[in-house]
Amino acid sequence: MKVRKIFVITISLIISILSVGCSGKQTKRSHEKQKPVRKEVVMRIQDRVKTLDTTRSLDSNSLVTNQNVFEGLYRYDEKGHLVLAGAKNEKTENGGRVHIYELRKDARWSNGDPVVAQDYVYAWRKLLSPENVTSNWTNLLILKNSEEVHEGKRDLASLGAQALDDHTLRVELRADVPYYKEILAIPATYPQNQAVAEKYGNDYGKTSESTVYNGPFTVRGLKSGSRKWELVRNENYWGKKDVRLSHLSYVVDKDKEEAQRNFFSGRYDYARIGCFYDRKLASKSGFHHQMIPEISAICFNPKRQVTGNVHFRRAVTYAIDRRKIAATKGFHGRPLYGIIPAGYSYNPENDVDYREDAGRIVDLNKAKSRSEWEQAKNEIGKNQVELSLTINDSRDCLKIAKIIKKNLEATLPGLNVRLNSVPVNDKLTQVIDYDYDMYYRTWQPRYVDPMAFAVNGGIEHLERDYDNPDYWNNLEKAMITDANEFSRRRKCVIAAERDLVEKDAFVAPVCQQENGYLLNPRLHGLVFVPYSTNYILRNCWVQK
């Protein structure tokens, strides 16, 4: 799209809630006047990092770490704008379909190896390999032959990514995709040192020692189950002169109230609070909040008898009281009536929000829910059904899950919902292995475009399991045929969303969530990626 209003909204929020130093407007001279008295900060993280393998990272804890220790062709600067990073120059050919990147010759891995074009090709082929069962591969659907490669219909060499020489990368897209730069700035599309990745095989990324880094920081002291580790300035990073922090400490603290106490006692410099917080917290210095395109939804196992039944899924979708959930004490968010959130994508011609154009696709409708439930029971051949709803092991998640359970059991007589609370990384493993009935999850897009939700939306195995030709044809038009025809493109996405959410109820949207966080006023230069809670530490410094 030609307009990215979310960038304006997010960056203006960042500028307004952080101090002058964080806005990126402070001059070099003023930085020199306020030299930091220490070179380290302590960051609270909500859970353990699952993997440093960028091709397999799904959880937010891994993503925020990978955002700061690796680097791709593009990065976000201190004002939240996309700039070239691993690439020095870009040349466009063939009507915007082909991009030739001249890579930095001074870019090196933390072990001293040069970052070469083949490292990008290797990582992208690995991401799109049929063996990669995570939904991460959908980020590279923009590449020529990407879908066919992932499905095993074409060999890896046919992918639209070629190393012309060590420092020249040729990228061929399926069409002149307007949001390609944003995709090439996300962790899933970062390069990997082929020699190191192949040396460690399946163990690559499981520990800090089995990984090498090409970003501003390296990881030290991270292994399976770690609750503490460090990010250390990467002395081989090409832009190390801009990295002012020598190292940062990370501490896993799952207790949010304890994290708040630790922040106000001076132990932490940053702590994400999320969408649940008390009004008293909102009045305290250091607290900030903003509405972001993070959604929550219920996903269904299509391979099981009950959850694979479309009438059951519709019954669940129409039984959810989204307004009641949004009104939960301490919750800060809004009801979500489709898979694509509000305040995220705007029409460049009339500034109309996508959600306003698409309208409320689903809403609370108990009569319709019960009717669908009766049809489901007839087809299933059961009047009593017991299912599990898998959730993260957090008190906030449990609050929402209890409301959903109450909604479903009150509206759908004969249904019993068991809440299965598990650590987030275990839940992701269960989801990938189809070891669940239903799961409740939150999800943030990886780039600013409705297609991020339409082709992924946090629904694992969507491309494999959702068999609706109209849906995929509409997405093909939106991505290829009408890629630069905004009005036609939007109509295609809306039609696809209606199929996914209303007709087939493949996913049941719940809410859009706010992000609350605590930030030490002396920590400057922290910039949030415009579409998520991921933040960038490259230009951070601590004020005297």
Side-chain angles (χ1 to χ4, degrees), residues 43-70 127 132-139 186-190 202-208 210-211 215 219 222-229 231 250-256 259 270-275 292-297 299 390-398 400 420-436 439-447 452-453 456-462 513 515 517 528-529 531-537:
M43 312 291 282
R44 176 257 182 171
I45 198 164
Q46 292 173 298
D47 213 329
R48 289 173 280 241
V49 167
K50 184 176 178 64
T51 180
L52 295 169
D53 185 341
T54 51
T55 66
R56 290 177 167 82
S57 298
L58 293 173
D59 63 294
S60 60
N61 304 298
S62 297
L63 290 171
V64 75
T65 302
N66 291 343
Q67 188 89 49
N68 290 289
V69 299
F70 300 105
L127 180 66
N132 187 354
V133 296
T134 72
S135 61
N136 264 351
W137 77 271
T138 59
N139 290 301
I186 64 177
T189 65
Y190 291 169
N202 290 332
D203 290 330
Y204 173 78
K206 289 185 177 180
T207 68
S208 53
S210 65
T211 319
V219 185
L222 178 68
K223 51 189 175 183
S224 179
S226 290
R227 301 188 68 85
K228 292 182 180 181
W229 60 89
L231 298 193
Y250 270 86
V251 177
V252 173
D253 192 344
K254 299 184 72 169
D255 188 320
K256 188 163 59 178
Y270 171 86
R272 184 187 176 193
I273 302 302
C275 59
I292 61 172
E294 180 176 42
I295 67 165
S296 60
C299 298
T390 301
I391 61 173
N392 291 354
D393 61 342
S394 72
R395 282 177 287 180
D396 292 344
C397 197
L398 184 60
I400 301 296
N420 179 30
S421 181
V422 298
V424 61
N425 289 334
D426 293 343
K427 187 185 78 169
L428 288 172
T429 299
Q430 289 177 13
V431 169
I432 290 172
D433 293 340
Y434 293 98
D435 184 19
Y436 69 97
Y439 70 93
Y440 173 84
R441 79 167 303 175
T442 59
W443 191 81
Q444 303 170 28
R446 306 295 186 252
Y447 51 92
F453 289 92
N456 189 327
I459 312 166
E460 293 298 322
H461 309 302
L462 176 63
Q513 304 183 160
N515 179 41
Y517 61 96
F528 285 92
V529 175
Y531 47 79
S532 77
T533 57
N534 282 4
Y535 48 79
I536 298 169
L537 298 164

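The chain is numbered in sequence order, starting from 1. None of these values were measured; they are calculated from a predicted model.
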Looking at [X] and [Y], what are the two nearest heavy atoms and their distance?
| X | Y | answer |
| --- | --- | --- |
| T65 | N61 | OG1-O, 3.0 Å |
| E460 | V133 | OE1-O, 4.3 Å |
| D393 | S421 | CA-OG, 3.0 Å |
| S296 | T442 | CB-CG2, 4.0 Å |
| P187 | N66 | CB-CB, 4.2 Å |
| Y531 | P293 | O-CG, 3.5 Å |

Separation between [atom1] of [X] and [atom2] of [Y], rounded to the nearest 0.5 Å:
| X | Y | atom1 | atom2 | answer |
| --- | --- | --- | --- | --- |
| N515 | I292 | CG | CD1 | 4.5 Å |
| Q444 | I295 | CD | CD1 | 10.5 Å |
| S60 | Q46 | OG | CD | 6.0 Å |
| T390 | D435 | OG1 | CG | 7.5 Å |
| C275 | D396 | SG | CG | 6.5 Å |
| Y190 | T54 | OH | OG1 | 9.0 Å |

Practice item. Output every pair passing salt bridge (Lys or Arg N to Asp or Glu O under 4.0 Å) with a member in residues 53-62, not counting sequence neighbours, ordered by first then second residue. Key: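 Residue pairs with at least one partner in residues 53-62: D53-R56, D53-K126.
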Check your understanding: Quick one: are N420 and I391 in side-chain contact, heavy atoms under 4.5 Å?
Key ->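 Side chain of N420 against side chain of I391, heavy atoms only: no contact under 4.5 Å found.
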Point to revise | Pairwise side-chain contact, V49 with L222, heavy-atom cut-off 4.5 Å (strictly under) | key: yes
Review point. Can you check side-chain contact (heavy atoms from CB on, under 4.5 Å) on Y270 and Y535, steps first, answer last?
Key: CA-CA 11 Å; Y270 171 86; Y535 48 79; 3.5 Å; yes
Exercise for review: Show your reasoning for whether side-chain contact (heavy atoms from CB on, under 4.5 Å) applies to F70 and T211.
Suggested key: CA-CA 11 Å; F70 300 105; T211 319; 3.7 Å; yes
Review point. Is it the case that more than 12 heavy atoms not belonging to N202 sit under 6.0 Å from its CG atom?
Key: no
**Study point:** side-chain contact (heavy atoms from CB on, under 4.5 Å) assessment of Y439 paired with Q430
**Key:** CA-CA 10 Å; Y439 70 93; Q430 289 177 13; over 6 Å; no
Between [X] and [Y], is there a donor-acceptor pair closer than 3.5 Å when you use the side chain of the first and the backbone of the second?
| X | Y | answer |
| --- | --- | --- |
| N392 | V424 | no |
| S62 | L58 | no |
| N68 | L537 | yes |
| N139 | N136 | yes |

Exercise for review: Apply side chain to side chain donor-acceptor pair (under 3.5 Å) to Q513 and list each qualifying residue two or more places apart in sequence or on a separate chain.
Suggested key: E294
Review point. Quick one: which of K254, R227, R272, K256 gives a salt bridge (charged side-chain N to carboxylate O under 4.0 Å, His left out) with D47?
Key: K254
Review point. For R446 and N456, what are the C-alpha separation, side-chain angles and deciding distance, and is it a side-chain contact (heavy atoms from CB on, under 4.5 Å)?
Key: CA-CA 10 Å; R446 306 295 186 252; N456 189 327; 5.9 Å; no
Practice item. Consider only side-chain N and O atoms of S210 and D203, and report whether a donor and an acceptor are under 3.5 Å apart. Key: no
